[in-house]
Every structure is written in structure tokens, then in C-alpha cells.
Amino acid sequence: ASAVFPNNPFRICCLDLSGPWIVLKSKTGKDTRTNTNQTKVYVAVFGCLYSRMTHLEVIEDKKTESIIGALTKLSCIYGPPSCVTVDQDAAEIQALRDSEFVTELDGKLYYHNGIKYTVVPVGCHARNGAAEIRVQAAKRLLGTMNLTSCEITALDLEIMVYQAANIINSTPLGSMQ
């Protein structure tokens, strides 16, 4: 019998948020003092703890609904995670509790309510090092794109985020000598 079991990436993963990133709002009206043409968005950073893959999603805010949206996108691509490691962020924890997924196995549909999670204690960010390294790499890559000097939309940022994830995922796991 084999001791290796195939599994989806991001089955066991970590989640952290990066941002805020300033982007242009979609054109819906005149710009006034109270209605600027800029808004803040965040990037949800998912790191697979087995394959070391990174998945990045642009979200509108740090609210539970936005994080659930990012989890749903991740689940549509890779399948739902079974356990997620997070910082002590109330919205992230609530999103994991409130998430609902339907999966298919052998022609049968299964309903899943909630995702198991592990919370990293305050002051112990090193325990969530896999996520922190990915957040730093994403920030560094997005920072090299000099986003503060140009006006971009949320869609432009999403494209840049996917390019950053592609670069992070193509980096070798070990040092090359």
C-alpha cells in the first residue's frame, strides 16, 4: 500500500490580507470632495502549506462577505480547503465559520458548512510564516510595479496580482547553487 495520497492544492492552507491598495473607482458620477474617484481594496493571500503554491485575490474590503468571496473563488479553482491558518482577524475567522460549499464526489453532491481553522496567537506571526512570506513577496512584487505613481482600476490591480502570483509560483522552492 502506498503512503502517498493525492490531494488538491490548498487543502491545508494559510490566509492573510495585504493592503490597502488605492485604485480608481468605476465611473459612476461626478467627483466631489466627499466622492473621490479613488477607493481602497485589499489582496487576500492564500498559501498552500504542502505544494507552496500562492493564490492571490483582490477583494473590495476587509469584511466577512469579501473574504467569503475570495474563499469561494479559491474553492472553485482548487476545491474547498479543509483547514486554514489565519491571524487573529475577526473577519477572516467569521468568513471561515460562515463559508458554505457544495462539492461533488463519485457523482454525488456534498454540502459543507464552515471550514476548520487554526488561529495564530497574537505576537506569534512566525507561526504563520508561510503566509507572511507570501504577503511580503506579493507586496515586494506589486511595489516594484510602482502603483502609487499611476492610476489603476481594480481590474488592472487584479491582473497585476495574478502576474505576481505567477512569478511567486515559478520561483524555485530551494536555493539554486
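Index from 1, following the sequence.
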Decide side-chain contact (heavy atoms from CB on, under 4.5 Å) for I152 and I22; before the verdict, give the C-alpha distance in whole Å, the side-chain angles of both, and the deciding distance to 0.1 Å. CA-CA 8 Å; I152 63 168; I22 306 298; over 6 Å; no
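- Taking CG of L49 as the reference point, atom SG of C13 lies at 7.0 Å (rounded to 0.5 Å).
- Clustering ILVMFWY residues whenever any of their side-chain heavy atoms sit less than 4.5 angstrom apart, transitively, puts I68 in a cluster other than the one holding I93.
- The CG atom of L15 sits 6.5 Å away from atom CD1 of I67, with the distance rounded to the nearest 0.5 Å.
- Looking at D89, its side chain does come within 3.5 Å of a backbone N or O of A91 through a donor-acceptor pair.
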K73 vs E158, salt bridge (Lys or Arg N to Asp or Glu O under 4.0 Å): CA-CA, chis, key distance, verdict: CA-CA 13 Å; K73 286 182 181 180; E158 190 169 36; 3.7 Å; yes
Kindly determine whether V86 and D16 satisfy side-chain contact (heavy atoms from CB on, under 4.5 Å), including the steps that lead there. CA-CA 6 Å; V86 294; D16 205 351; over 6 Å; no
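- With hydrogens and angles ignored, the 3.5 Å screen pairs a side-chain donor or acceptor of N169 with a backbone N or O of A165.
- Between H55 and F46, the angle of the ring planes lies from 30° to 60°, which puts this pair in the tilted group.
- For the atom pair OG (S51) and CD1 (I12), the distance works out to 11.5 Å, reported to the nearest 0.5 Å.
- Here the closest non-hydrogen pair linking L141 and A164 is CD1-O, 3.6 Å.
- The line from CD1 of I168 to CG of L56 is 5.5 Å long, rounded to the nearest 0.5 Å.
- Here the shortest heavy-atom pairing between I59 and A70 reads CG2-CB, 3.8 Å.
- Atoms NZ and OG1, from K25 and T153 in turn, are 14.5 Å apart once rounded to the nearest 0.5 Å.
- Nearest heavy atoms, V161 versus E57: CG1-N, 4.3 Å.
- Cluster membership check: I77 shares its hydrophobic cluster with F10, using side-chain heavy-atom separations under 4.5 Å among Ile, Leu, Val, Met, Phe, Trp and Tyr.
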Apply the test side-chain contact (heavy atoms from CB on, under 4.5 Å) to residues V23 and Q38: give CA-CA distance (whole Å), side-chain angles for both, the deciding distance (0.1 Å), then the verdict. CA-CA 6 Å; V23 298; Q38 295 181 332; over 6 Å; no
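- Judged as a ring-ring contact (aromatic ring centres under 6.0 Å, His included), and not counting sequence neighbours, Y42 has no contacts.
- Proximity of L71 to L96: side-chain heavy atoms (C-beta onward) are separated by under 4.5 Å at one or more points.
- By the 6.0 Å contact criterion, OH on Y162 is enclosed, its count of non-hydrogen atoms from other residues, nucleotides or ligands being greater than 12.
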Starting from the C-alpha separation in whole Å, work towards a yes-or-no answer on side-chain contact (heavy atoms from CB on, under 4.5 Å) for L17 and E92. CA-CA 9 Å; L17 298 180; E92 292 176 15; 3.4 Å; yes
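- Annotation: the span from R97 atom CZ to K116 atom NZ amounts to 15.5 Å, rounded to 0.5 Å.
- Residue-environment remark: CD (Q88) exceeds the threshold of 12 foreign heavy atoms within 6.0 Å.
- In this structure, I115 and P81 approach most closely via the heavy-atom pair CG2-O, 3.7 Å.
- Across all non-hydrogen atoms, the minimal contact from S18 to V45 is CB-CG2, 4.3 Å.
- No donor-acceptor pair closer than 3.5 Å links the side chain of S66 to the backbone N or O of K62.
- The closest side-chain donor-acceptor pair between R11 and Y78, if any, does not fall under 3.5 angstrom.
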